[in-house]
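The structure appears below as structure tokens.
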Amino acid sequence: SQPWPGPPLQPEILAPTLPRETWASKYEFLLSCLGYCVGLGNVWRFPYLCYRNGGGVFLIPYFIMLLVTGLPLFLMELSLGQYGAAGPITVWKCCPLLKGVGVAMLIVSSLVSLYYNVIMAWAFYYLGSSFQSPLPWSCDAPWNAEICKVVAVVVTWRGCVLQNASGTTGWVSASEVFWNEQVLGVTHSSGLEDPGPVQWPLALCLLAAWILVFLCMLKGIRSSGKVVYFTATFPYLVILILIIRGATLEGSLNGVRFYLSSDWSRLQSAQVWSDAASQIFYSLGIGFGGLISMASYNKFDNNVIRDTLVIAIGNCCTSFFAGFAIFSVLGHMAWRKQVPVGSVAASGPGLAFVAYPEALSLLPGSPFWSILFFLMLLTLGVDTLFGNIEGITTAILDEFPALRDWRRKTAFLAVLCISFYLLGLLLVTQGGIFWFTLIDTYSTGFGLIIVTLIMCLGIAFCYGINQFCQDIVDMICRCPPWCSHMLGYFKVCWAFFTPCLLLFTLIYTFLDMYGVPLRYGTYEYPAWGTSLGVCIGVLTCLQIPLWAAVALCRESGTLSDRFQKATQPLHSWRTATARDVAGDVIDVPFTITLTSSD
């Protein structure tokens, strides 16, 4: 056995706890992380950012940001979780001063889970609507005047020319009318202050989505680890099918050219680099706590560097290839309508629930392609939601180990899902899309970047970057030479490059937030709505100084002494390491901290 390099450890027996679960195989962990990272943003945001920021040129800043920001932060979270075998709150026993980072991650995951399952409800609604021909969002559908609120409907290849009661006419796509009128009912709401009644078909779809999550998470990683064998691989099959089908369509090459057209002058724009950083940041799921939680169920000697490279690079390649599936079909739609590809391209819900469904409605056998597409959206969203809910449950169960009992854990998960469902009903009202956009914008805005920046600086300068690298070497055991070289690179990133790029992204986020008012379509958010959104971000950030103050108050001595003590790892932090170094396996329901002599 090797001597423990840190301060002397004293024997400590904590409260009785049930043994912690572990992944049945490393493939379940890899697929769970890949499914968590490969989400809706890979399909509905990356292709749009790519064409908006210079086409193929955007891949240069994208992969630079992956190397300098994405990989280092991804490895940091996986290593923290695996080494400490704890969730995003308890893992900060390594540095009690930063416990607020874990609490902030819990708040972010909760806010994201609240609105993310609403997207699943939309996908459920469209999936159910796909089992009919013609599709209800196509111009061939038997529309009625009550839904469209028009006197005459003239069907064209471009969409529908609608004539209202005053006699004026205007063009609007059939899928857009279906989305706004039939699904959201947003035309009956005037804004945030007027949410209107609940859209009960959506409320039922939301209930089905939460029941699905509850059943899949019922046995923790033992059940979700099996589900990901389907949910993490099925989207790749659909993307491949859509790419092959898209390649056979007339006009698809125009869409691909539009997707990859290069404008080298865009590299001089700060907006391009900011978009690349934010896309890497959000698509990898950094700062939400899900990665820490999933890694905490790994075996101690798992190679986290290898997993980081496989998952992060696989995620980015998925984003790139998904663009071909999207733009080949959009190119065909532009050819059918005789309009430029840029006029049919969109991002976010506008792509997933308006533009792309409309393109699918133009294909022969459109119901089949629509069913495939929305099944893909469901599996993409469910995997991401698994990671968020796992982050929440692991954080709570680690803080309150008595809840690990199967009955108590089931009751806790049920209460959690029911609470999220009831809170989510606001987002499926007629004005729910306005609240959805507000929470989506500010829950993962500046607050998440600040949390991740503090995490990076805290590990590098409070816990100690050399100690952290040594922890990784201890886990890998027989560290290959290439891993040692990679660690040297990551050390430089953690200490300098990654914090600097996060600071740049944060500054640009603030400038963008105050320079351009928040909008949804033509609706501009009122000042009180924007202030509410800022408060959401501030609430996340406040957890860091609040819990730091609590940690300082628990110590004794001068302020300098308190700070020094609050940055030292707790004795219980070294439990797993001391056990593995000694080579002893303690298979009893007690958490025991061994001394260095053991």
Side-chain angles (χ1 to χ4, degrees), residues 40 43-44 118-164 170-189 196-209 238 242 245 249 326 329-330 332-334 336-337 344 346 348-379 381 427-433 436 521:
L40 296 171
V43 174
W44 76 15
V118 174
I119 304 175
M120 298 300 95
W122 296 338
F124 262 122
Y125 188 94
Y126 271 82
L127 179 63
S129 301
S130 299
F131 288 92
Q132 51 186 301
S133 183
L135 293 172
W137 53 84
S138 67
C139 284
D140 298 328
W143 291 14
N144 57 65
E146 182 180 356
I147 293 178
C148 297
K149 290 186 169 40
V150 295
V151 175
V153 179
V154 181
V155 179
T156 70
W157 279 116
R158 296 185 60 198
C160 300
V161 180
L162 306 181
Q163 182 180 10
N164 58 28
W171 176 85
V172 63
S173 70
S175 59
E176 187 175 356
V177 173
F178 179 81
W179 167 246
N180 289 324
E181 292 279 354
Q182 191 81 340
V183 181
L184 300 180
V186 68
T187 54
H188 304 286
S189 173
V198 171
Q199 294 283 92
W200 288 110
L202 277 185
L204 291 176
C205 291
L206 182 63
L207 179 62
V238 176
L242 290 176
R245 182 67 181 97
L249 298 174
I326 298 298
V329 178
L330 291 182
H332 175 68
M333 181 170 70
R336 291 284 293 268
K337 292 185 173 185
V344 299
L351 172 64
F353 298 104
V354 178
Y356 205 75
E358 182 183 359
L360 294 176
S361 70
L362 300 177
L363 301 180
S366 55
F368 170 76
W369 300 109
S370 182
I371 291 170
L372 268 187
F373 177 71
F374 288 111
L375 271 177
M376 181 185 72
L377 289 190
L378 272 176
T379 53
L427 306 183
V428 292
T429 58
Q430 291 177 342
I433 188 65
F436 174 93

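The shown structure was predicted, so the numbers you read here are calculated from the model rather than taken from an experiment. Values below: every heavy atom of this structure, side chains too, minus hydrogens, waters and symmetry copies.
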Less than 4.5 Å apart, any side-chain heavy atom of [X] and any of [Y]?
X	Y	value
Gln430	Pro197	yes
Leu330	Leu351	yes
Phe373	Val238	no
Ile433	Trp122	yes
Leu242	Trp369	yes
Trp179	Pro349	yes
Leu40	Met120	yes
Phe436	Ile119	yes

| query | Any chance the side chains of Ser130 and Ser370 put a donor and an acceptor closer than 3.5 Å? | reply | yes
Spacing of [atom1] belonging to [X] relative to [atom2] belonging to [Y], to within rounding of 0.5 Å:
X	Y	atom1	atom2	value
Gln132	Ser366	CD	OG	10.5 Å
Ser361	Leu135	OG	CG	6.5 Å
Gln182	Tyr125	CD	OH	4.5 Å
Leu127	Leu375	CG	CG	5.0 Å

| query | What's the verdict on side chain to side chain contact (heavy atoms under 4.5 Å, CB included) for Leu184 and Gln199, showing C-alpha distance, side-chain angles and the deciding distance? | reply | CA-CA 7 Å; Leu184 300 180; Gln199 294 283 92; 5.8 Å; no
| said: Run the side chain to side chain contact (heavy atoms under 4.5 Å, CB included) test on Ser175 and Val354 for me, step by step, so that the C-alpha distance in whole Å, both residues' side-chain angles and the decisive distance to 0.1 Å come before the verdict. | reply: CA-CA 5 Å; Ser175 59; Val354 178; 3.5 Å; yes
| query | Step by step, would you call Arg336 with Leu363 a side chain to side chain contact (heavy atoms under 4.5 Å, CB included)? | reply | CA-CA 10 Å; Arg336 291 284 293 268; Leu363 301 180; over 6 Å; no
| Which atom pair, heavy atoms only, marks the closest approach of Ala352 to Leu377? | CB-CD1, 4.0 Å
| request: Hey, can you tell me if Phe374 and Phe353 have their rings parallel, tilted or perpendicular (30° and 60° cut-offs)? | output: parallel
| query | Does the ring centre of Tyr126 sit less than 6.0 Å away from the ring centre of Trp137? | reply | yes
